[in-house]
Novice: 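The structure that follows is given in the form of structure tokens.
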Amino acid sequence: MPELPPQYNPKDVEEARYQWWESQGLFRAEPDPSRKPYTIVIPPPNVTGILHMGHALNNTIQDILIRFKRMQGFNALWVPGTDHAGIATQNVVEKALAKEGKRRQDLGRDAFIKRVWEWKEQYGNTILYQLKRLGSSCDWRRTRFTMDEGLSEAVTEVFVRLHEKGLIYRGNYIINWCPRCQTALADEEAPREETQGKLYYIRYPLEVPGSEFRVPSSPKTRNPKPETRNYVEVATTRPETMLGDTAIAVHPKDKRYKGLIGKHAILPLVNRKLPIIADEAVDPKFGTGAVKVTPAHDPVDFQLGKKHALEFLNVMTDDGRMTNVPKPYEGLDRFDCRSKLIVDLEQQGFLGPIDEHLHNVGHCYRCHTAIEPRLSLQWFVKMQPLAQPAIKAVKDGTITFVPSRWTKVYLNWMENIQDWCISRQIWWGHRLPVYYCQACAGQAGVRSSEFGVRSKTTPTNYELRTMNKWGVIVSKTAPTKCPACGGTDLRQDEDVLDTWFSSWLWPFSTLGWPKKTKDLEYFYPTSTLVTAQEIIFFWVARMIMAGYVCMKQPPFAKVYIHGTVRDLTGKKMSKSLGNIIDPLEIIDQYGTDALRYTLVTATAIGQDVFLSEERFAVGRNFANKLWNATRFVLSTVASGEWRVASAHSSLITHHSSLTVPDRWILSRLQRTIIRVTTSLDHFLFNDAANALYDFLWHDVCDWYLEIAKIQLNQTSDVRHQTSGVLVHVLETSLRLLHPIMPFVTEELWQHVRSVSGFEFQVSGSTGTRNSKLGTRNSIMVAEWPKASKRMVDDEAEALMERLQAVVTAIRNTRAELNVPLGSRPLVRLSSAKPSVRTFFETHRALLQALAQTGEVSVDATRRREKHAAAMVVDGIEILMPLAGLIDLKKEEARLQQKIEELNRYISQTGVRLRDSQFVTKAPKDVVEDTKARLAQAEETHRKLSDLLALVQSM
RNA sequence: GGGCGCAUAGCUCAGCCGGUUAGAGCGCGUGCCUCACAUGCACGAGGUCAGAGGUUCAAGUCCUCUUGCGCCCACCA
């Protein structure tokens with residue numbers, strides 16, 4: 001092995017190490033009944049995805065778990081893959097097409113799909129390569145894609161099964177429609193955003209039987225007296241929907257409108273008669289207490305429409321233009337129509353006041369366009385029956401959320417679950433396995449014919465049987481003729497399925513389902529799901545439901561929900577906000593291990609992660625520190641001079657012959673092993689990382705390495721033992737740190753191994769494992785450290801604490817009195833306790849070296865000696881005669897000068913603070929700040945005075 | 001309108017079952033290129049643990065309320 005350079009350069013290590021791991025087959029897992037499986041399926045990133053910090057955090061956590069479990073001897077499998085991400089991917093390809101001046105319709109469906117596949121082949125694996133740079137130890141041979149043949153088969157299978165169970169239906173419902181993407185969206189895909197809008201008051205004249213309606217007499221008066229009122233005023237945020245109004249509703253108990261119920265109003269500009277109905281759903285306190293009812297364009301109105309058998313009038317096209325409306329508005333964009341309507345209403349005296357109105361409007365989660373609630377014929381999954389076992393599983397603890405607070409969120413959603421709209425009017429995705437027989441009936445036929453049609457009939461769910469009668473065929477394979485009439489003119493439904501309809505099957509579809517595979521049998525149910533809170537509903541809940549439907553078993557036992565990555569101002573990191581920190585740039589600059597370490601320390605269990613770029617330097621520095629500690633340790637174990645083989649066991653058997661610092665660091669190591677193991681068991685990743693940082697940096701490097709330098713100059717027995725302890729502590733620590741910082745630990749471990757001649761244990765080293773892996777030479781498969789109770793040593797820890805306290809006290813005095821580095825002050829320790837005296841007598845050399853002192857004397861009682869710095873630590877008196885070591889006159893003068901400066905400052909500031917002008921006129925924080933500074937100055941003054949007295953007494 | 005989370009050092013955050021003197025990193029001050037590391041070493045300054053009440057021998061930690069910030073869900077047009 002070549003010598004290690006004085007600085008760790010991740011670039012020299014990472015790529016080569018990763019390739020080596022992969023070439024050694026270390027990421028692979030195969031069913032093996034002799035071992036327990038530990039399985040994670042990756043939350044499949046979108047094929048369009050590029051790695052962001054959220055991915056980095058998510059995958060770092062998964063990799064830590066996988067590496068940890070693998071070292072513990074589990075047969076650890078991490079299944080990777082990507083999601084076809086219907087709308088997102090289609091958008092990307094459409095954008096590329098747009099650059100060529102084409103639309104997808106110009107290509108036609110088949111050519112367009114071909115184009116998407118080409119795009120996928122070219123760019124779709126980008127994110128997977130990026131995951132490799134994170135060090136992810138996935139079994140890449142098993143990479144899956146939600147549009148793979150096998151996974152598509154799973155999708156069809158589950159659609160048909162659910163259909164057979166009567167859980168899939170087609171129906172007219174109000175859905176979220178994105179006029180830009182021109183597709184239906186599930187509720188979760190249309191998050192609401194607070195939007196500043198306007199509330200328009202519009203006056204609908206009352207119908208007077210037998211005569212023309214009257215124009216309102218006092219349109220500009222806000223509250224005309226009831227007796228003069230000849231119209232009903234309604235409020236709306238979307239005036240354009242008035243063209244689809246088919247009623248006006250009021251609360252049945254609302255006295256203001258009592259007389260109007262059952263009468264009619266006239267729709268302004270259109271002159272359609274609207275019945276005035278009464279319904280509890282109307283809130284008398286909002287607006288005017290009267291509401292226009294547009295059953296085809298609003299979810300509440302839709303319910304009213306069904307209940308009161310109103311007309312359903314669709315007045316918008318797929319791309320958000322007006323249709324089936326009077327001429328001046330026909331074909332207008334919905335927002336242009338809104339403007340025109342306002343002008344026209346105003347001119348004709350129908351417009352009341354306009355208020356500013358803050359409300360929540362749904363937006364397309366892909367393109368951010370305001371969604372349009374719209375009546376539409378779509379496919380749905382009945383969710384309530386599916387939810388039952390999924391609710392039970394979480395309630396009875398079969399599946400647990402970490403942190404547990406998400407349980408409530410999950411249950412709350414599941415218990416109020418709505419049916420899932422699964423059809424999407426896009427081209428990229430799994431086409432519905434639904435075929436229509438043209439001969440049987442046209443009713444259930446082509447979607448576009450549904451729109452803009454005035455229908456007197458209340459929409460109903462097309463029940464399964466009815467659908468079949470109408471020639472709707474649901475089939476895994478394309479039928480050649482209609483089972484009902486034998487007709488051969490069959491057309492497959494144009495729609496594709498929601499992206500999540502394939503990803504909800506991910507935990508078992510990736511393992512081979514619907515085929516009964518060995519993988520499925522062995523690795524399912526998976527162990528842990530690691531994901532973000534945003535997709536609890538989209539994905540986690542649905543996977544649980546799918547698990548029970550398809551496998552009769554939960555998909556996983558534990559769900560770890562990590563936080564959201566935010567910037568320092570608390571904003572979510574997103575491209576549009578421009579506050580992204582690119583993980584790949586961080587890797588280039590600081591290294592993968594630094595990225596992983598910092599991400600993990602930043603995330604307390606399930607808490608959001610606030611990041612700034614500087615934090616990654618901490619991780620880099622830690623890797624470098626470890627690198628240099630290893631360089632030092634290896635330099636002490638000169639190759640060939642001696643072998644510290646089987647040091648593990650010899651350290652235990654010879655424990656009593658070790659020095660106190662040896663016993664101390666070994667004891668600290670045991671505690672670290674315990675803490676890291678339990679922390680990882682409980683998803684306390686930051687705790688594990690911090691424990692290792694503290695131990696390695698502060699215990700090992702700051703103290704033990706310095707002590708080792710002294711011990712290595714002592715007898716050959718001590719030298720031998722010290723080397724053994726150093727190698728043991730380092731090698732064990734590397735293994736503990738490996739899941740978090742895989743690259744640097746592997747690199748160093750290889751060096752430690754080759755130089756020291758250690759034969760390290762490999763986990764599950766009972767033969768089968770080794771022959772399967774064909775290797776036993778990677779830290780990846782080294783055994784996870786086990787704590788030895790015999791090495792936990794309270795006595796040594798207490799003694800070392802005392803030694804450290806004394807050393808620190810001496811260093812403190814040296815620093816405060818500016819004792820030059822070369823000066824070696826005498827130290828007189830005194831303690832009444834014989835055991836303490838014995839300890840310091842035997843560790844004199846350590847004290848001298850660590851605190852840079854001269855002679856150390858240990859007495860039972862304090863010596864009478866002048867000119868001494870004195871302090872008491874832990875019952876031990878420490879005297880340091882400093883005469884001759886520092887220039888007393890110079891020091892005295894320096895102190896006196898500083899004290900005078902402080903005197904001036906204190907008196908001036910004191911006067912200033914007593915000045916009422918200052919106190920009343922200066923800003924409050926300035927006054928507070930001045931007070932604080934004064935207090936600080938006084939404190940320093942006291943200290944310097946004490947020092948001066950000390951110096952003067954010498 | 002429901003639900004959840006967070007308020008601890010100048011900044012970003014730890015602090016698990018309530019238990020001695022509340023920690024870390026960054027930043028700041030002082031002194032050091034000491035033969036593993038200046039991506040470093042030593043020492044130091046800096047905290048009424050948001051506010052109020054309660055439980056307890058004991059509260060940063062548990063309970064209640066208040067204030068401020070953030071997030072999720074929800075059909076007030």
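The figures that follow rest on heavy atoms only: side chains count, while hydrogens, waters and symmetry mates do not. Chain A is the first sequence line, chain B the second, and so forth, proteins listed ahead of strands; every chain is numbered from 1.
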Novice: Is the distance between the ring centroids of A/W627 and A/Y8 under 6.0 Å?
Specialist: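 Under 6.0 Å, so yes.
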Novice: Just to be sure I understand the rule, does A/K292 reach a base, reach only the sugar-phosphate, or reach nothing, if contact means heavy atoms closer than 4.0 Å?
Specialist: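 The residue A/K292 makes no contact with any strand.
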Novice: I'd like the P distance from B/C35 over to B/C41, given in whole Å.
Specialist: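 So the two P atoms sit 14 Å from each other.
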Novice: Reckon A/T294 touches a base, only the sugar-phosphate, or nothing at all at heavy-atom distances under 4.0 Å?
Specialist: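 The answer is nothing, as A/T294 stays clear of every strand by at least 4.0 Å.
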Novice: When all nucleic acid strands are considered with a 4.0 Å heavy-atom cut-off, which category describes A/L705: base, sugar-phosphate, or nothing?
Specialist: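 Result for A/L705 = base.
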Novice: Please check if the distance between the ring centroids of A/W697 and A/Y693 is under 6.0 Å.
Specialist: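 Yes, the ring centres sit under 6.0 Å apart.
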Novice: So what does A/E706 touch, heavy atoms closer than 4.0 Å: a base, only the sugar-phosphate, or nothing?
Specialist: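 Base, at least one base heavy atom under 4.0 Å.
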Novice: Compare all side-chain heavy atoms of A/W177 with those of A/I371 and state whether any distance is below 4.5 angstrom.
Specialist: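 No, too far: nothing below the 4.5 Å cut-off.
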Novice: When you check the glycosidic angle of B/C43, does it come out syn, meaning within 90° of 0, or anti?
Specialist: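 Glycosidic conformation of B/C43: anti.
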Novice: According to ring pair (Phe, Tyr, Trp, His ring centres under 6.0 Å), who are the partners of A/F685, at least two apart in sequence or on a separate chain?
Specialist: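 Applying ring pair (Phe, Tyr, Trp, His ring centres under 6.0 Å) to A/F685 gives A/Y560.
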Novice: Please determine, for the side chain of A/D298, which listed nucleotide (B/A36, B/A77, B/C4) has the closest atom?
Specialist: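 Selected nucleotide (nearest to the side chain): B/A77.
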Novice: Give one of base, sugar-phosphate or nothing for A/F537, where a contact means two heavy atoms less than 4.0 Å apart.
Specialist: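 It contacts sugar-phosphate atoms only.
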